[in-house]
Number of protein chains: 2
Amino acid sequence: MIPDTHVDAETALDHSPAGHKDDLRLWLRMLSCARLIEAEIRRRLRARFDTTLPRFDFLAQLERAAEGLTPGEISRRMMVTGGNVTGLAARLEEEGLIERRAVREDRRAVTLRLTPQGRREFARQTAAHEEWVAELLGGLSATDRAALLRLLDRTRRGVRAAMSEGGA
Amino acid sequence: MIPDTHVDAETALDHSPAGHKDDLRLWLRMLSCARLIEAEIRRRLRARFDTTLPRFDFLAQLERAAEGLTPGEISRRMMVTGGNVTGLAARLEEEGLIERRAVREDRRAVTLRLTPQGRREFARQTAAHEEWVAELLGGLSATDRAALLRLLDRTRRGVRAAMSEGGA
DNA sequence: AGAAGATAGTTTAGGCTTCAAGTTTTCAAG
DNA sequence: CTTGAAAACTTGAAGCCTAAACTATCTTCT
């Protein structure tokens, strides 16, 4: 395997106050771990379904909304900008996986929903996706999985707290 | 805060064999956690230094190599394609942060190294970067940090093992 | 030496992403 | 009603990223 940026980086930069270095180490390790998995999933989505992670995420949002969603709502849920949604929607519509429908009570808005073909396609993709993840994470014991889940949740809450303090 | 895709997704999709759902849950949580931190760091790099994470990573590679690196070496270390390095290098050179130098013994190759300005600029950026990470992760106890570090390492090893088995 | 194959780097086409600016429609006051 | 602000969405420019094709150089084998 190719040496990893962030692993290597863990052994650099040590002209720092107190526990700063440990935090950096932790962050770089989390990042490298997440990127490793994400890159593999992207590769497989491309290889087996000729699609991408953003497209997959987009369909996943629609799958869970029987009535369809507006671009604005998708933008909020996926945490991406509106312009991004416009582009993704255009390509997915072009491929016949989603369809646009005018909203009666607001002529600015539109709802996007899965076509039957889109629903079928997503079902295939999500089944494979779930197996891939299980395959990649299968090495962890149930105990480790549970501990990791809890620690990540704690981390996420801490980060959000720090962001809402400092970001004010 | 805006509801998070992957948090929501944790409560969906449950037509699955054995522990698959737990793995998916774990993966989505890790992803959302990493993305949350990464997005904040990108925002700050842009706001305070008018730069990006890929540029920062690129300079970090060069900082640790006194003799400079070839594009190919950077490509391997950053785990990105060669074409990507070409583009990043062009912009960083344009900005005066790095310089190209011909390699005497191989006329195909070139080495990239930091300019004095690049070195100064990176020093400023990396100091801030380290503080940001410490600020964001500061909420975790030393115990949690250590446990997380260990679990992530175990996870990464498991993933690599799974990839070299299945990917053969 | 000369051909074949490998390696270093660039280029090109296309998708993803953001930010900023623009259009259309709605809503809220006056 | 009409005017002005806000909201929904799109567009355009620029950077990031990949895969594939391409150029130039090096290496190896005969």
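Residue numbering restarts at 1 for every chain, and letters A, B, ... go by the order of the sequence lines.
- Between B:Gly82 and A:Glu105, the residue anchored closer to the 5' end of DNA chain C is B:Gly82, taking for each the nucleotide with the nearest heavy atom.
- Contact check, A:Arg46 against C:dG14: no side-chain N or O comes under 4.0 Å of OP1 or OP2.
- One atom, CG of A:Asp50, and another, C1' of D:dA19, lie 12 Å apart when rounded to the nearest Å.
- Rounded to a whole Å, the CE atom of B:Met79 is 15 Å from the C1' atom of D:dT18.
- Side-chain atoms of A:Leu148 and B:Leu148, non-hydrogen and from C-beta on, do get closer than 4.5 Å to each other.
- When rounded to the nearest whole Å, the span between CG of A:Leu45 and C1' of C:dG15 equals 14 Å.
- Using a 4.0 Å heavy-atom criterion, one finds that B:Arg43 contacts no nucleic acid atom at all.
- A:Met78 has its CE atom 10 Å from the P atom of C:dC16, to the nearest Å.
- Checking D:dT10, C:dC19, D:dA19 against every side-chain atom of A:Thr86, the shortest atom distance belongs to D:dT10.
- Nearer the 5' end of DNA chain C, as judged by each residue's closest nucleotide, is the contact made by A:Val85, out of A:Val85 and A:Arg104.
- The separation between B:Ile74 atom CD1 and C:dT10 atom P is 10 Å, rounded to whole Å.
- Atom P of nucleotide C:dC16 and atom CD of A:Glu38 are separated by 14 Å, given to the nearest angstrom.
- One finds no salt bridge joining A:Arg35 and A:Glu40 here, because no Lys/Arg side-chain nitrogen approaches an Asp/Glu carboxylate oxygen to under 4.0 Å.
- A salt bridge does not link B:Glu38 with B:Arg43: every distance from a Lys NZ or Arg NE/NH1/NH2 to an Asp or Glu carboxylate oxygen is 4.0 Å or more.
- A salt bridge links A:Arg101 to A:Glu99: one of the charged nitrogens lies within less than 4.0 Å of a carboxylate oxygen.
- Between A:Asp57 atom CG and C:dG15 atom P the separation is 18 Å, expressed in whole Å.
- The list of ring pair (Phe, Tyr, Trp, His ring centres under 6.0 Å) pairs with a residue in residues 73-108 of chain A, not counting sequence neighbours, is empty.
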Next on the checklist: For a side chain to side chain contact (heavy atoms under 4.5 Å, CB included) check, start with the C-alpha distance between A:Leu137 and A:Arg145, then their side-chain angles and the critical distance, and finish with the verdict.
Outcome noted: CA-CA 9 Å; A:Leu137 293 183; A:Arg145 270 201 304 253; 5.7 Å; no
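- We find that B:Arg25 and B:Asp22 are not joined by a salt bridge, their nearest charged nitrogen and carboxylate oxygen being 4.0 Å or further apart.
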Between the protein and nucleotides 14-16 of chain D, are there any N/O to N/O pairs under 3.5 Å, and if so, what are the atom names and distances?
from: D:dG15; atom 1: O3'; to: B:Arg55; atom 2: NH1; distance (Å): 3.2
from: D:dC16; atom 1: OP1; to: B:Thr52; atom 2: OG1; distance (Å): 2.9
from: D:dC16; atom 1: OP1; to: B:Arg55; atom 2: NH1; distance (Å): 2.6
from: D:dC16; atom 1: OP2; to: B:Arg91; atom 2: NE; distance (Å): 2.3
from: D:dC16; atom 1: OP2; to: B:Arg91; atom 2: NH2; distance (Å): 2.5

Check the interface with nucleotides 2-8 of chain C: list each N/O to N/O pair with the protein under 3.5 Å, or write none.
from: C:dT7; atom 1: O2; to: B:Arg108; atom 2: NH1; distance (Å): 2.3

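- A:Arg46 and A:Thr51 are not linked by any side-chain donor-acceptor pair at a separation below 3.5 angstrom, with hydrogens and angles left out of the test.
- For B:Arg35 and C:dT17, the CZ to C1' distance is 12 Å, given to the nearest whole Å.
- Under the 4.0 Å criterion applied to side-chain N and carboxylate O atoms, A:Arg150 and A:Asp153 are not assigned as salt-bridge partners.
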